[in-house]
Every structure is written in C-alpha cells, then in structure tokens.
Amino acid sequence: KLDSILAHTNYYPGILQLLGYTLVDKLSEEYANYYSANRGNPPCDLQDEVLSNILASEDINRVIKEKLDITLDADENGHYRTLASIVAFLYYTEEIVEGCTSDNILGCARDLGITQITTMDGQAVETLLDEMRDMGILWKSVGTKIPFYRLRRNNFLRNIGTEDDVFNYLGSLTRRGH
C-alpha cells in the first residue's frame, strides 16, 4: 500500500500530508462506526477500497495537478512546461512507449516551429530534461547508448492536458515567436 501511495503522490510532501490527513479522517469515520474494545481496536486496517477511493478523489488529484503546474512553471523562461508539452504531444501523436530522445524532442520543436527550444543546442535541452527528471516529472533510461525520456507517471499526461490542450499551447508558442 505504501508503494501505491508514494507512486500516486509522486513523493510530493504536501500531497503526502494531504493524503495522510484524508486517510486519518476517513479511517476515523470508519473507526467510529466499527469501534469495539473487544475486537482490539485500534488499530484500523486500511482497506484497499478505501485507499483507492481516496487516491481517486478530486481533491487529491487537483492538488497533484497544482503541484505539477508549480513545478512546470518553476523556470521563468517556460522551458519546463514547453518540454513537458512536447513530450506530451509526442505521447499523443507518436504513441511513444519506451520514451523519446532529446533529438526526438528537438525535431518535434523544429517541426512545430518552437524557437524557444530550437535555438538551444542538444546538450542544453538534455540538461533541462535531466533537471525535470530530478524534479520527478520525467523518467530517464539508464544503460542505453542514447537516453530515452518519458513522463514519470502516466497521469501526468492528463494533468499536462488533452491532446487539444497541448496542441493549442504549443501553437500559441509559435504564434508568439517562442
């Protein structure tokens, strides 16, 4: 259960705290309904269904999206959000499985006319991608000649936006000359 909680919250302390608070609150409600000193309560068992319902709750997922947005907007040049959007665009259009290389990302930026990225060299893009890996947004392959990057969590794709959202965002960059 702990692995599921950590994976869902992406280890964000604020989300872990909210999830912990929600779990205690929910278990307290159930505890009041089923308390019996004869059964040795507490402790209360955390049922898989209760955990699943909490992990699927709107509040938790809203906070996850907010934390991801804060992280993607952490650099003033907007590189993190742009790169994450390009990766999401590749997910939607190329149906990537293993991930994409920095060359795939640069090629997509060129095809879309996103000068904000295409004016950078491959090493600078890879440095930003590695920073995004360190922030928990991306996963990077190890032991491969050419590293592949992909979103660390599948629900990040939904949090970044739908295919239309991502395409519109990237299109807005080309209209603004980024």
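Here the structure is a predicted model, which is why all the values come from computation and not from measurement. Only heavy atoms go into these numbers, but all of them, side chains included; no hydrogens, no water, no symmetry mates.
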Side chains of [X] and [Y]: donor-acceptor distance under 3.5 Å anywhere?
X	Y	value
Thr101	Asn104	yes
Asp130	Thr127	no
Tyr80	Glu131	yes
Thr144	Ser141	yes

How far apart are the closest heavy atoms of [X] and [Y], and which atoms are they?
X	Y	answer
Tyr92	Gly161	OH-O, 2.6 Å
Cys108	Phe89	SG-CD2, 3.4 Å
Ala109	Thr118	C-CG2, 3.5 Å
Glu163	Thr93	OE2-CG2, 4.1 Å
Lys140	Pro147	CE-CB, 3.4 Å
Val166	Ala88	CG2-CB, 4.0 Å

Is there a chain of hydrophobic side chains (I, L, V, M, F, W, Y, each step under 4.5 Å between heavy atoms) that links [X] to [Y]?
X	Y	value
Phe167	Leu83	yes
Ile105	Phe148	no
Leu157	Leu129	yes

Worksheet item: Would a distance-only check, ignoring hydrogens and angles, find a side-chain to backbone donor-acceptor pair under 3.5 Å from Asn77 to His79?
Response: no

Practice prompt. May I ask you to decide if Asp164's main-chain N or O and Asn168's side chain share a donor-acceptor pair within less than 3.5 Å?
Written response: yes

First locate atom [atom1] of [X], then atom [atom2] of [Y], and finally report the distance between them rounded to the nearest 0.5 Å.
X	Y	atom1	atom2	result
Ile86	Leu112	CD1	CG	7.0 Å
Thr162	Asp165	OG1	CG	3.0 Å
Met120	Thr115	CE	OG1	11.5 Å
Glu66	Thr71	CD	OG1	11.5 Å
Asp59	Ile64	CG	CD1	11.0 Å
Thr82	Leu128	OG1	CG	10.0 Å

Worksheet item: With a distance cut-off below 6.0 Å to the six-membered ring centre and an angular limit of 45° from the axis, does Arg152 pair with Trp139 as a cation-pi contact?
Response: no

Is [Y] close to [X] at the side-chain level, that is, under 4.5 Å between some pair of heavy atoms?
X	Y	result
Ile137	Val87	no
Ile5	Leu23	yes
Lys65	Asn61	no

Worksheet entry | Candidate pair Arg110 and Leu106, rule side-chain contact (heavy atoms from CB on, under 4.5 Å), full reasoning | CA-CA 6 Å; Arg110 273 189 220 99; Leu106 275 168; 3.9 Å; yes

Worksheet entry | Derivation and outcome, side-chain contact (heavy atoms from CB on, under 4.5 Å), residues Thr22 and Ser57 | CA-CA 10 Å; Thr22 306; Ser57 76; 5.6 Å; no

Item to complete: Count the heavy atoms of every other residue, nucleotide or ligand shown that sit under 6.0 Å from CD of Gln17, and state whether that count exceeds 12.
Response: no

Item to complete: Using a strict cut-off of less than 4.0 Å between a Lys/Arg side-chain nitrogen and an Asp/Glu carboxylate oxygen, indicate whether Asp75 and Arg81 qualify as a salt bridge.
Response: no

Worksheet item: Can you tell which of Leu72, Leu138, Leu151 makes a side-chain contact (heavy atoms from CB on, under 4.5 Å) with Phe156?
Response: Leu151

Discussion item. The test is side-chain contact (heavy atoms from CB on, under 4.5 Å); show your working for Leu51 and Leu55 and say whether it passes.
Written reply: CA-CA 6 Å; Leu51 180 59; Leu55 293 176; 3.9 Å; yes

